[in-house]
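Inspection log for the structure reproduced underneath, given as structure tokens.
Being a predicted model, the structure only gives us computed values, none of them experimental. We're numbering straight along the sequence, starting at 1.
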Amino acid sequence: MTRTLAPAGVWFVTPAHTPARFPAAHGCGADVALIDLEDSVPAAVKAEARQTAAAFFTAAAGCVLGVRISSPTTRDGILDRVVIADYPVRPDVVLIPKVESARGIEITAGALDAPDYTPHPYAPTETPRALQDLPSIVRAGRIAGVVSGTADYATALGWSEGREAMLHARSALVTSGAAADICAIDSPFFDLDDVDGLRGEAERARDLGFAEVGSAGGWWEERGPPVRVVDAAGPGVGGRRSSGGAGGAVQAAA
């Protein structure tokens, strides 16, 4: 089984249909700048967004570049892979949502791999089927990491996104990731104005076994004491903090 290197640090996400925000995403100080082709892009502009997104991938960005595609079982997901495969510069990281088996990882990797190109696939756990098949998903031959997709998972079950309701799913993700020797990434912390809440969430996630936990406004890095904040939301960059921001969720890999 071949393991790929998992890029570490702050991940910053921006919608693919907003090219004016691309420079801010590249320059926000994140380790990974991720462009989103999935649910932040309205259906009416998805085709245009796929073409626009090619300009996001530039060797001059100064950080690792990635993309979140649409579900591999949907028409949009198929079209995303076809178009991305022909980009002049292709993404280092590919986040594959709604994966429910190892085969979803393998199909996406097979569609994108080339003799000179092998991206790092990450799989969010967003459905009960995905959680049930986690032991298989984490052992997909090309997987680089798994991500806790608590918002979609809670919606699928009609549950709250609260910590107690999601404890089993998040614990299973940590356990399966550790067993397969890949990173497990917690869900973003979405309340951009609650810095104390972010600190508390980071500490609880660390206690549960996650490497890091993020927010759309900053990052609490837990690699060494004390837990510290890394600002990923300067002027013109951070989500709700600026109407001109590049913003989206920030995540991180171990």
Side-chain angles (χ1 to χ4, degrees), residues 4-41 45-46 48-70 80-97 108-109 111-122 124 142 144-145 147 183 185 188 192 211-212 214-219 221 223 229-254:
T4 55
L5 178 66
V10 174
W11 289 30
F12 196 86
V13 187
T14 197
H17 66 297
T18 57
R21 300 180 180 182
F22 293 178
H26 291 158
C28 72
D31 299 282
V32 179
L34 198 74
I35 197 166
D36 184 33
L37 287 169
E38 198 208 11
D39 56 12
S40 71
V41 179
V45 298
K46 279 188 180 289
E48 180 182 354
R50 289 185 194 100
Q51 302 300 326
T52 301
F56 185 79
F57 299 102
T58 167
C63 59
V64 173
L65 299 178
V67 62
R68 180 171 70 166
I69 64 171
S70 299
D80 289 348
R81 285 172 286 178
V82 169
V83 173
I84 290 168
D86 291 330
Y87 282 172
V89 178
R90 287 161 290 182
D92 296 302
V93 169
V94 178
L95 196 65
I96 311 168
T108 298
L112 295 177
D113 283 357
D116 62 342
Y117 172 67
T118 51
H120 307 301
Y122 284 77
R142 286 287 315 289
V147 181
C183 62
I185 307 168
L192 307 188
E212 293 160 352
S215 119
W219 197 264
E221 187 177 87
R223 283 287 168 176
V229 68
V230 179
D231 184 12
V237 173
R240 288 201 319 255
R241 295 178 188 268
S242 167
S243 60
V250 178
Q251 299 177 329

* When you measure from the side chain of Y117 to the backbone N and O of P91, does any donor-acceptor pair fall under 3.5 Å? -> yes

* **Option passing side chain to side chain contact (heavy atoms under 4.5 Å, CB included) with V32 (candidates V64, D92, L65)** => V64

* Out of V13, L112, V94, V93, which one pairs with V67 under the side chain to side chain contact (heavy atoms under 4.5 Å, CB included) rule? -> V94

Quick one: pull up [atom1] in [X] and [atom2] in [Y] and give me the separation to the nearest 0.5 Å.
X    : Y    : atom1 : atom2 : value
I35  : F22  : CD1   : CZ    : 3.5 Å
L95  : L34  : CG    : CG    : 6.0 Å
R50  : R81  : CZ    : CZ    : 11.0 Å
T108 : R142 : OG1   : CZ    : 10.5 Å
T14  : R68  : OG1   : CZ    : 11.5 Å

Checking [X] now: which residues fulfil side chain to side chain donor-acceptor pair (under 3.5 Å) with it, not counting sequence neighbours?
X   : value
S70 : D80
S40 : D36
R90 : D116

* What pairs with A49 under side chain to side chain contact (heavy atoms under 4.5 Å, CB included), at least two apart in sequence or on another chain? -> A16, H17, L37, V41

* **Shortest non-hydrogen separation from A33 to C63 and the atoms involved** => CB-SG, 3.8 Å

* Asked: Sequence neighbours excluded, which residues qualify as salt bridge (Lys or Arg N to Asp or Glu O under 4.0 Å) partners of D86?
  -> none

* To do: Can you sort out the partners of H26 under ring-ring contact (aromatic ring centres under 6.0 Å, His included), two or more places apart, ordered by chain and number?
  => F56

